[in-house]
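Structure record follows, encoded as structure tokens.
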Amino acid sequence: MGHMLNNTIQDVLIRRARMRGFNACWVPGTDHASIATEAKVVALLKEQGIHKADLSREDFLKHAWGWKEKYGGIILEQLKKLGASCDWDRTSFTMDEGMSEAVIDTFIDLYNKGYIYRGVRMVNWDPQGLTAVSDEEVIHKESTGKLVYVKYMISGTETQDVPEFITVATTRPETIMGDTAVCVNPTDERYVHLKGKHVIVPIVNRIVPIIFDEYVDAAFGTGALKVTPAHDINDFNLGQKHKLPTIDALTQEGKISEAAGAYVGLDRFACRKQIILDLTEQGLVEKVEEIKNKVGYSERTNAVIEPRLSMQWFLKMEDISKPALDAVVNGDVKLIPEKFINTYKHWMENVHDWCISRQLWWGQRIPAWYDGQGNTVVAKTKEEAFALLKAKNTSIDSNDVKQDDDVLDTWFSSWLWPMTVFDPKIITNGWDKANEDLKYYYPTNDLVTAPEILFFWVARMIIAGKEYTGLKPFNNVYLTGIVRDKQGRKMSKSLGNSPDPLDLIAKYGADGVRVGMLLCSPAGNDLMFDESYCEQGRNFANKVWNAFRLINGFEVSMPEALEGKETIYQPESSKAAITWFEQKLSEQLEIINDHYSKHRMSDALMATYKLVWDDFCAWYLEAIKPDFVDGKALPMDKSTFDATINFLEALLKIMHPWMPFITEEIWHSLKERDAKDCIIVAEWPTSLTTIDKKQLAEFEFSKELVTMVRNVRAQKQLSPKEKLEVFEKSNSERSYFDTVIIKLANLSAFNYTTEKVDGAFSFQIETTEFYIPLSSNINVEEEKERLLKELEYHKGFLKSVSVKLSNEKFVANAKPEVITVERKKESDALSKIASIEEQLKSIF
RNA sequence: GGGAGAUUAGCUCAGCUGGUUCAGAGCACCUGCCUUACAAGCAGGGGGUCACAGGUUCGAACCCUGUAUCUCCCA
């Protein structure tokens, strides 16, 4: 579902940009998702009884490509169903020939610049995927673990009657065999006497030193820490500092290794249980506590991550990432919403070197070559590598040249995306020789993506862009929310709580799904997705279709012989409604444009929704709809019909980014058009240069009056068909919208009077009084009660305003506009009270 | 452990620089209507102590402090 949201937003942006006359280009594509894909392919082969280990690299890759051909296009097909208006001819894949070559070129270039190095480092090891994963691919989850207090005997005290022990607390007793020291804080008085002493590691009886380091927190556990440099990053750092040996007690599958010297071959978790039992038996367990700790899991395989020492390739991040940090901090690249700037900044300022090698086959193979004698070179081809190695090792035979087995992290290819989709040669050619496409489209305008890959992808694209073009890759990064279900869980295929987008489209239509997704997606906030939003989207599409049916069915009074001349006059009410809606459309269009400019998508959609449903359908169309006489609709005058068609066309355009299918359909059903006259390339409407706010306000007033009359009907149980008469108490006559009021409220007449109308039902809007003479008698008691209630309300209001105005400090400090408004409120309230009191008097 | 953000109607969210009776929208809900575009609809209606406690101010949903709860990111 994340894809659906993401791509709907992109499509809305691209369609609107296209309509505004921009050369809008949206490049679709996919990455090769090395870990996930390889895991899928391995599993698939296993079902067929084939083991990866039995296959050659080439054969395995054939299977992987087969899998990619079969499943890789699914998402793109879903996008087409959703109506994504991509530039499909440009569809790209991170393992396309050109893109792959660019990845290799990038590696070589960065290596030559000294950014890439190879080294033994502590990496996050996925014992199931059998590969290192980056820090960002580790998900930390809280879990309950056991903190085991294990007693280590002080060496040399074993012959004493009462041997001396030091107790260490550990959550990972299975790594005891890898211990090469015990560490305490030098200021911890409990242990100062142990300076220079050694302890005996249980199980393996190894004698290791007690070391002192500030790193240890004296308050945690016993204040003593077992140091296992091979299995914990902090221990590793301690080991480096104190020059401790490293014993790797685990295999890459997460089993106990030969080097451990005990429990060899046992699974790490089974070993943890067994070792606690054995130590307890030996009397070496002081106690066991339950504690909450965070455990890292592989994002791809969900296996518990094992910190593991291994030889990996790294990219030095400190220098290369600096321009990318600046670009966001100084606003050159805008993050939307802005709250992500802090997160980004924090990450970029504390960036770690990026482990870019993966122990997989599916991906771009690292262009590093070895001679088996300890020499390493980086080169594009074996021949080049051979030549380079020859320089270091004259006795080398070409058969000795072996390429590194690992591939590069997928993000090491997708970070080039904004450049290489246009020009795969950019890495070697440089910006000055970039092709036309890249020069034209780069930097791109908008990137829409999920906040979870802000660092994986967004930050790195900025880094690569700055490095190879000197420019940012995009102006705006719109970060969508995460799609969650009603219980707040992230929607994912693995959890099985995600509806199939194609099913949703079948049920609600692509337009319905698009509208549904965006109705509930505030920028940057997660969205609690529920199918009912799609239902609302479908209902809206239905409403639009019905409005079209109505308009399409209008019979225009235009005998062919009289073309160009009216055969019937345009009703005043239609004329007034057209004047109003022209203003309303402009007003709302400006609001919608403003929402777009601020990337407030759901607000832009809701404004569109209300403009169409409320203003156009509920008010405008009702106002111009011809009357029925003898069961037949009267024909409509041509001026009104033409104006209505123009309005509908403008509205269709405004709706088009959200609902491309229905708007295109209606666009073509409305009239015969040229083959190229499609709404997808129609021009985005423009608004009037000046908007008559006064007139808009006047119409709002008229709407309120109509509503009041409808209320009276409901209260008095009068049929909507019974015509009523309304009087307005006023000195001036003729509001522009009287004819519309007469039509919509179904009045026999709308009159003005300077005198109160006796015995009529009365009400007020703002400070104006209205009367409706009713044939049936007014219930005096009911009326009195209603008026008294109103009176009470206005008196209360008056009081609060008067208090405010009599407060000297308020009058002295408040802005003059505010005081003026308060004064007006006061006088309005007074006049209302007076008129209600007068009415009350007349009832008695 | 460090950092970021949030808490407003049953649900999902707006609410800009403190100032209109400012507490708002959509959905859901309630009432009445199958009124020849639309019951996937029309007309009308109810509903919130703006998380809590203080403070600043003539004035606080909005600014400050603390508390609680939740979410996310990093270690």
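Order of the sequence lines sets the chain letters (A, B, ...), proteins ahead of strands, with each chain counted from 1. Side chains are part of it too, since the values below use all heavy atoms of this structure and drop only hydrogens, waters and symmetry mates.
- Nucleotides of RNA chain B nearest to A:N813 and A:Y533 differ in position, and the one nearer the 5' end is that of A:Y533.
- Under the Watson-Crick and G-U wobble criteria, each requiring two contacts below 3.5 Å, nucleotide B:rG47 is left unpaired.
- Ranking B:rA37, B:rG15, B:rC58 by closeness to the A:K809 side chain, first place goes to B:rC58.
- Nucleotide B:rC38 holds its P atom 16 Å from the CZ atom of A:F616, rounded to whole Å.
- Side-chain atoms of A:F455 lie closest to B:rC74 of the nucleotides B:rG19, B:rA37, B:rC74.
- Looking at heavy-atom distances under 4.0 Å, A:A814 makes contact with a base.
- Here the side chain of A:T707 is nearest to one of B:rG19, B:rA25, B:rG44, namely B:rG44.
- Within the shown strands, B:rU71 is the pairing partner of B:rA4 under the Watson-Crick or G-U definition, both distances less than 3.5 Å.
- Between A:Y620 and A:F616, the ring-plane angle classifies as parallel under the 30° and 60° cut-offs.
- Residue A:R600 places at least one side-chain N or O closer than 4.0 Å to OP1 or OP2 of B:rG15.
- Pair check for B:rG66 finds B:rC52; Watson-Crick or G-U wobble, both atom distances under 3.5 Å.
- Close to B:rA75, at under 4.0 Å from its OP1 or OP2, lies a side-chain N or O of A:H352.
- The A:N711 side chain lies nearest to B:rG44 when the options are B:rG15, B:rG19, B:rG44.
- Side-chain contact, A:R549 with A:N552: no donor N or O sits under 3.5 Å from an acceptor N or O.
- In this structure, A:W347 does not pack face-to-face on the six-membered ring of B:rC73, missing the 5.5 Å centre cutoff or the 30° plane limit.
- Residue A:K815 is the one, among A:N542 and A:K815, whose nearest nucleotide of RNA chain B lies closer to the 5' end (criterion: closest heavy atom).
- Using Watson-Crick or G-U wobble geometry with both donor-acceptor distances under 3.5 Å, B:rU36 finds no partner in any strand shown.
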Pairs under 3.5 angstrom, nitrogen or oxygen only, protein versus nucleotides 27-30 of chain B, please.
unit_1, atom_1, unit_2, atom_2, d
B:rC27, OP1, A:Y609, OH, 3.4

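- A donor-acceptor pair under 3.5 Å is formed between the side chain of A:D511 and the backbone N or O of A:F661.
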Atom pairs, protein N/O to nucleotides 1-10 of chain B N/O, distance under 3.5 Å:
none

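- B:rC52 and B:rC62: their P atoms are spaced 11 Å apart (whole Å).
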